[in-house]
Amino acid sequence: MKIGMFRMDQVLRIASALIVLGLVIELISLAWIHPLSFTLFAFIGVLLIGLGILIYLASLIFVTSPRGEHRA
Amino acid sequence: MGEDVSSDPSQKRVRDRGTVRLNSGSEMTGFLIALIVLTIVLATVLLVRPSITNAAAGKALAFVALCVLPAVCLRGGLTVHMQQSEQTKFCTSCHSMANYGKSLYIDDPSYLPAQHFQNHRVPADMACFSCHADYTIFGSFKDKLRGLHRIYVQYLGTPSETIELPGGYKNQQCLHCHLGARNFEANPIHMAIMDSLKSNEMSCISSGCHDMVHNHGDLDRLKMWSPGQ
């Protein structure tokens with residue numbers, strides 16, 4: 001599995017960055033009542049946050065943790 | 001202008017329903033914003049120091065900050081956006097809808113939307129949604145899909161000169177509130193044609209009865225009402 005080549009902290013950083021970016025977009029979209037803000041949230045915010053959650057969940061299964069590396 | 005409806009309990013119910021929904025909506029928006037800020041702070045901590053997940057408490061924090069809270073924020077965001085999209089200012093923020101919004105201020109009670117809006121027969125903050133929502137199980141979802149298509153046409157395509165409602169205006173939009181109302185059913189004409197109204201065979205707005213609707217082409221020659229005047 002290719003994702004196994006990444007270290008846990010790298011994956012956590014990517015997931016956190018995507019989620020923070022998605023949440024900032026959600027905050028902006030909530031402050032602006034316009035059809036484009038709904039589109040911004042639905043297409044970009046949801047995508048970034050969803051991707052961040054998926055990457056985090058995938059990391060729990062596939063990514064090598066530093067502790068695991070020490071044991072090996 | 002228009003008749004006084006302030007003492008009509010059914011109209012008061014409609015107004016109250018809109019007010020309660022808007023109040024709970026703004027409370028929810030406030031709560032959601034606080035939750036988003038909290039999630040951003042926690043996710044930023046993990047972004048800066050991912051090593052804290054080496055400890056069991058750090059792993060639990062990561063699960064909450066990168067899975068549970070973002071999922072709750074997504075769900076909340078969807079709900080708040082759906083509520084915001086029911087607001088009059090949301091609909092009239094599109095250039096092509098601006099004249100329809102202005103037509104709500106026509107100072108003439110024979111104009112149906114203006115009369116409903118100005119007398120709070122529909123919640124003023126949800127005026128468009130009250131008469132144009134698809135009151136079915138998947139109605140809101142279908143409305144959003146159509147809305148996305150309209151945004152595409154507005155910004156990336158060529159908007160048509162005249163805007164038409166898909167499938168035309170259905171009497172159900174009127175009957176949703178008026179059916180069962182005393183002043184509606186006290187009218188012998190309504191009762192005589194009730195079956196035709198329910199089956200949409202005869203339209204409320206285009207059969208010569210209530211045919212003054214938005215008529216936004218007449219805006220230039222009509223007197224406008226300004227709130228508080």
Side-chain angles (χ1 to χ4, degrees), chain A residues 3-72, chain B residues 28-30 32-33 35-55 58-59 61-63 65-78 80-95 97 144 147-148 150-152 154-155:
Chain A
I3 199 166
M5 297 187 308
F6 292 99
R7 282 175 50 206
M8 189 67 178
D9 56 349
Q10 287 176 315
V11 177
L12 280 177
R13 278 204 166 108
I14 294 168
S16 305
L18 287 171
I19 287 170
V20 168
L21 199 59
L23 289 173
V24 168
I25 286 172
E26 186 176 342
L27 266 185
I28 294 167
S29 76
L30 287 174
W32 181 34
I33 298 180
H34 191 275
L36 281 182
S37 79
F38 180 82
T39 317
L40 182 75
F41 168 71
F43 287 101
I44 301 175
V46 170
L47 182 78
L48 290 173
I49 298 171
L51 205 59
I53 294 173
L54 282 180
I55 288 175
Y56 168 71
L57 290 177
S59 76
L60 296 179
I61 303 166
F62 300 115
V63 177
T64 324
S65 69
R67 198 177 292 172
E69 282 169 3
H70 290 309
R71 276 180 194 160
Chain B
M28 189 177 170
T29 308
L32 180 65
I33 288 172
L35 196 67
I36 291 172
V37 171
L38 173 72
T39 313
I40 288 175
V41 170
L42 293 178
T44 306
V45 169
L46 288 163
L47 178 68
V48 177
R49 293 193 60 192
S51 57
I52 61 168
T53 58
N54 290 339
K59 282 187 173 63
L61 177 75
F63 183 71
L66 301 180
C67 185
V68 179
L69 287 179
V72 174
C73 290
L74 268 187
R75 181 72 184 88
L78 196 66
V80 169
H81 271 286
M82 291 296 269
Q83 284 177 349
Q84 284 184 346
S85 70
E86 295 171 2
Q87 292 184 26
T88 309
K89 61 182 167 187
F90 176 91
C91 305
T92 54
S93 64
C94 265
H95 177 69
M97 281 289 124
K144 292 293 149 260
L148 287 177
R150 285 178 196 142
I151 290 172
Y152 172 79
Q154 174 76 31
Y155 292 101

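- Contacts with chain A were tallied for B:Ala71, B:Cys73, B:Cys94; B:Cys73 has the most, counting heavy-atom pairs under 4.5 Å.
- Checked against side-chain hydrogen bond (donor to acceptor under 3.5 Å, both in side chains), B:Arg49 has no partners two or more places apart in sequence or in another chain.
- Ranked by heavy-atom pairs under 4.5 Å with chain A, the first of B:Val41, B:Ile36, B:Ile33 is B:Ile36.
- If you measure heavy-atom distances from A:Leu30 to chain B, the contacts under 4.5 Å come from both the backbone and the side chain.
- Scanning both residues, A:Leu12 and B:Pro50, for their nearest heavy atoms gives CD1-O, 3.9 Å.
- Contacts between B:Ile151 and chain A at a heavy-atom distance below 4.5 Å involve the side chain alone, from C-beta outward.
- Chosen from B:Val37, B:Leu78, B:Leu69, the residue pairing most often with chain A at heavy-atom distances under 4.5 Å is B:Leu78.
- Heavy-atom distances place the side chain of A:Ile19, and not its backbone, under 4.5 Å from chain B.
- For the residue pair B:Gln84 and B:Phe90, the shortest heavy atom distance occurs at O-CB, 3.3 Å.
- Contact count against chain A (heavy-atom pairs under 4.5 Å) is highest for B:Ser93 among B:Ala43, B:Cys91, B:Ser93.
- For a residue to count as touching a neighbouring chain, one of its non-hydrogen atoms must lie under 4.5 Å from one of that chain's; by this rule A:Phe38 touches chain B with backbone and side chain alike.
- Checked against side-chain hydrogen bond (donor to acceptor under 3.5 Å, both in side chains), A:Ser29 has the following partners two or more places apart in sequence or in another chain: B:His81.
- Residue B:Thr44 touches chain A through both its backbone and its side chain, counting heavy-atom pairs closer than 4.5 Å.
- The environment of OH in B:Tyr155 is crowded: more than 12 heavy-atom neighbours from other residues, nucleotides or ligands sit within 6.0 Å.
- Smallest separation of non-hydrogen atoms from A:Ala15 and A:Ile55: CB-CG2, 4.1 Å.
- Between B:Leu46 and A:Ser16, the closest heavy-atom pair is CB-OG, 3.6 Å.
- Considering all non-hydrogen atoms of both residues, A:Met8 and A:Ser59 come closest at CE-OG, 3.7 Å.
- With a 4.5 angstrom heavy-atom cutoff, B:Val45 does not touch chain A via any of its atoms.
- The most heavy-atom pairs under 4.5 Å with chain A, out of B:Ser85, B:Ala62, B:Gly147, come from B:Ala62.
- Heavy atoms closer than 4.5 Å to chain A are found in the side chain of B:Leu148, but not in its backbone.
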Checklist entry - Passes side-chain contact (heavy atoms from CB on, under 4.5 Å), A:Ile49 versus A:Ile53? Steps please. => result CA-CA 6 Å; A:Ile49 298 171; A:Ile53 294 173; 4.0 Å; yes
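- No other option in A:Thr39, A:Leu60, A:Leu36 has as many heavy-atom pairs under 4.5 Å with chain B as A:Leu36.
- Heavy atoms of B:Leu32 lying under 4.5 Å from chain A belong exclusively to its side chain.
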